[in-house]
Every structure is written in structure tokens, then in C-alpha cells.
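Scroll down for the structure; my scribbles are underneath it.
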Number of protein chains: 2
Amino acid sequence: MSISKTYTISELAREFGITTRTIRYYEDEALLSPGREGQQRIYAEKDRVLLKLILRGKRLGFSLSESKAILALYEPGGSNRHQLQTMLNLLREKQESLRLRLEDIEMMQSDLLEAEERISRALTDGQENGDPDSHKQN
Amino acid sequence: MSISKTYTISELAREFGITTRTIRYYEDEALLSPGREGQQRIYAEKDRVLLKLILRGKRLGFSLSESKAILALYEPGGSNRHQLQTMLNLLREKQESLRLRLEDIEMMQSDLLEAEERISRALTDGQENGDPDSHKQN
DNA sequence: GTTCTAGTTTACGTAAACGTAAACTAGAAT
DNA sequence: ATTCTAGTTTACGTTTACGTAAACTAGAAC
């Protein structure tokens with residue numbers, strides 16, 4: 001038994017900058033299933049990791065149901081060969097979509113860099129030659 | 001005057017695999033403003049590029065209003081120094097968020113790779129020792 | 001001349017992902 | 001004993017990003 005630290009819902013909410021409503025919603029959608037101590041939810045480290053992965057998926061534009069499907073791949077679940085093959089296919093599909101998103105990011109990065117250079121030039125040019133039109137405002 | 005090819009709304013819809021409703025919606029939200037020929041919308045190459053950028057942003061999880069703000073940075077608009085500085089700040093902010101997303105992708109990629117190896121092993125292991133209906137649970 | 005075919009406007013409907021308010025519970029602090 | 005302070009359930013509300021249907025227009029095809 002390694003660590004067994006637990007968390008309350010508001011601790012997790014604070015850590016990840018989300019509301020408790022959000023965390024409960026993920027449970028409604030069956031992405032989380034924390035333990036209970038009486039009426040209160042009690043989150044284990046495993047739940048915290050799951051939450052982190054869900055939020056990562058969200059930042060990458062995955063829907064909750066997509067994230068749910070991805071999370072299922074991390075579990076040692078797979079029993080028969082057919083299920084394993086299905087999981088493997090889904091995995092490769094997701095990997096491919098990640099590759100595409102990575103390309104999207106790289107393209108957008110280079111676009112933003114260009115824009116930055118252009119604006120930087122506009123700024124320094126304005127400094128050098130006085131920017132004829134804007135002697136009024138600084 | 002380089003190219004001046006134009007597109008109808010359904011041509012663009014077909015090319016990008018979206019509906020005309022979506023394209024008109026983006027216009028409602030002021031992300032596009034195509035010309036008109038009588039009552040019909042007529043899209044120039046510039047509009048096509050904008051649409052492409054909007055969809056790219058969408059894939060990366062940006063909201064339409066975020067994309068709108070980003071697209072504004074590509075226009076040679078900036079007039080006074082204050083506006084240029086604001087744009088520059090927003091640009092760097094977006095670049096930073098892209099860097100973070102890139103990290104997210106890399107982490108998810110390595111997670112998926114691990115999962116793939118695990119499942120692959122489960123498959124070949126099952127092949128080696130027969131696995132006759134898995135009489136025990138994992 | 002009518003019937004297709006795209007296109008248009010207007011407007012109500014919808015799924016996802018929460019926000020927000022109300023009403024309740026249970027332990028801690030005063 | 002009451003008042004905080006989390007936590008809980010239930011349920012209706014809201015925003016974003018479109019879907020979908022209805023009713024109209026205008027040129028092309030038959």
C-alpha cells in the first residue's frame with residue numbers, strides 16, 4: 001500500500017480551479033466514482049489523476065464522452081481478444097487525431113509568430129519615424 | 001490582382017465537411033463577412049482562409065469568440081501604440097496557451113503509447129498461452 | 001409555364017457542460 | 001443551543017454552436 005491520501009471535493013476544486021458542481025457533474029456522467037464516507041464523497045489519488053486527465057482532454061477539445069472512452073483504455077479491463085482489438089483500434093485512432101491536432105498547433109504557432117513580428121515591426125517603426133498619424137495619442 | 005476565384009456557400013461547406021448553416025452562423029457571429037451578388041453570398045479566397053482558420057481553432061478547443069479575437073490579430077488593423085501593445089500581449093498569451101496545449105498533447109501521446117503497449121502485450125500473451133475463455137479475472 | 005435546384009431569412013429546437021438557487025444534513029465552533 | 005462551514009440532492013436556467021423546419025426568391029432546365 002503506497003500512498004492513501006484522500007481529498008474532499010472542494011480541495012480538488014481548488015487545486016484544479018474548477019467548481020464542485022463540475023466535479024459532481026463528471027460523476028453524474030460516470031467519469032468519476034469516488035468513495036463515500038457517510039454522505040460525503042471521498043476522493044482517492046486515483047480519482048484525482050482521473051480528474052486531471054479529464055481536464056487535460058477538455059483543454060484539447062475532447063468532449064466528456066470522448067474522454068470517457070479514452071479513460072476506459074487506461075483500465076486493465078480488456079478481457080477477450082475482440083475487445084482488446086477494438087481498444088487497440090480506438091487507441092490508434094486517438095493517436096492519429098492527436099498527431100493532427102499537433103500539426104494544427106504548429107501551424108497556428110507559426111501564424112502567431114508571423115503576426116507577432118509584423119506587429120513588433122509596426123511598433124518599432126512607429127518609434128523610429130514618429131508615426132505621422134498619431135502625434136495626438138500616446 | 002493575383003487570384004480572384006470565388007466560392008458559393010455550398011462549395012465551402014462541401015470542401016470543409018460542414019453545413020451551410022454553420023457558415024452562416026459564423027457570419028452572424030461576425031467571424032466572416034462575404035460579399036454579395038444580389039441576394040447570394042459570394043466568398044473570396046480570403047473568406048475561405050478565414051474559415052479554415054476558424055475550423056482549426058475549433059479543433060484545438062478554442063471558442064468562436066476566442067478565434068475571433070485571434071483572427072483580429074492577423075489583420076493589419078492596429079493603429080496606435082496602445083492598441084499594438086495590447087495585440088502583442090494577447091498574441092504572447094495565446095502563444096503561451098499553445099505551448100501548454102502542446103505539452104498536454106505530448107503527455108497524452110505518451111499515455112496512449114503506454115496503453116497501446118499494455119494492450120498489445122495482453123493480445124500476444126493471450127495468443128501464446130491459448131487463453132481458453134479466461135477462467136480467471138485480471 | 002412549371003418544376004428543379006441553390007440560395008435566402010426567420011425562428012424555434014437541442015445537446016453539452018455546466019451555473020445557480022433552494023432546501024436539507026452533519027460536524028465544529030462559539 | 002445556535003450559528004458556521006462544508007457537504008449533499010434536486011431541479012430549473014443558461015451559453016455555445018449549431019440542427020431543423022417553414023416559407024420565400026431567383027435563375028436553370030424541361
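Values in this document were obtained by computation on a predicted structure and should not be read as measured data. Every chain is numbered from 1 and lettered A, B, ... according to where its sequence line falls, protein lines coming before strand lines.
Comparing C/dT9, C/dA16, D/dT8 against the side chain of A/Ile9 picks out D/dT8 as the nearest. Candidate nucleotides D/dC18, C/dA17, C/dA6 were compared by shortest atom distance to the side chain of B/Ser10, and C/dA6 ranks first. Residue B/Lys58 places its side chain closer to D/dC18 than to any other of D/dC18, C/dC18, C/dT8. Proximity note for B/Tyr25 (side chain, C-beta onward) versus C/dG7, D/dT16, D/dT8: the nearest is D/dT16. The listed nucleotides are C/dC18, D/dT9, D/dC18; the one nearest the side chain of A/Arg36 is D/dT9. With distances taken from any side-chain atom of A/Ser63 to the nucleotides D/dG7, D/dC18, C/dA17, the minimum falls on C/dA17.
B/Thr19 has a side-chain polar atom (N or O) that falls below the 4.0 Å cut-off from OP1 or OP2 of D/dG19. OP1 or OP2 of C/dA6 has not a single side-chain nitrogen or oxygen of B/Thr8 nearer than 4.0 Å. Residue A/Thr22 places none of its side-chain N or O atoms closer than 4.0 Å to OP1 or OP2 of C/dA17. For the OP1/OP2 pair of D/dG13 and a distance below 4.0 Å, the side-chain nitrogens and oxygens of A/Arg21 include no atom meeting the criterion. The side chain of B/Arg41 places an N or O atom within less than 4.0 Å of a non-bridging phosphate oxygen (OP1 or OP2) of C/dT8.
A donor-acceptor contact shorter than 3.5 Å links the side chain of B/Glu66 to the backbone of B/Ser63. In this structure, the side chain of A/Glu11 engages the main chain of A/Thr8 through a donor-acceptor pair within 3.5 Å. Between the side chain of B/Thr22 and the backbone N or O of B/Ile18 there is no donor-acceptor pair closer than 3.5 Å.
Spacing between atom CG of A/Leu55 and atom P of C/dA17 amounts to 12 Å, rounded to whole angstrom units. Distance B/Glu37 CD to C/dA6 P: 17 Å, rounded to the nearest Å. If you measure from atom CZ of A/Arg24 to atom C1' of C/dA16, you get 20 Å, rounded to the nearest angstrom. Look at CD1 on B/Ile23: it is 16 Å from P on D/dA17, rounded to the nearest Å.
Going from atom CG of A/Leu53 over to atom CG of B/Asp111 covers 6.0 Å, rounded to the nearest 0.5 Å.
Residue A/Glu37 places its CD atom among 12 or fewer non-hydrogen atoms of other residues, nucleotides or ligands, all under 6.0 Å distant.
The partner of D/dT14, taking Watson-Crick or G-U wobble pairs whose two distances both stay under 3.5 Å, is C/dA17.
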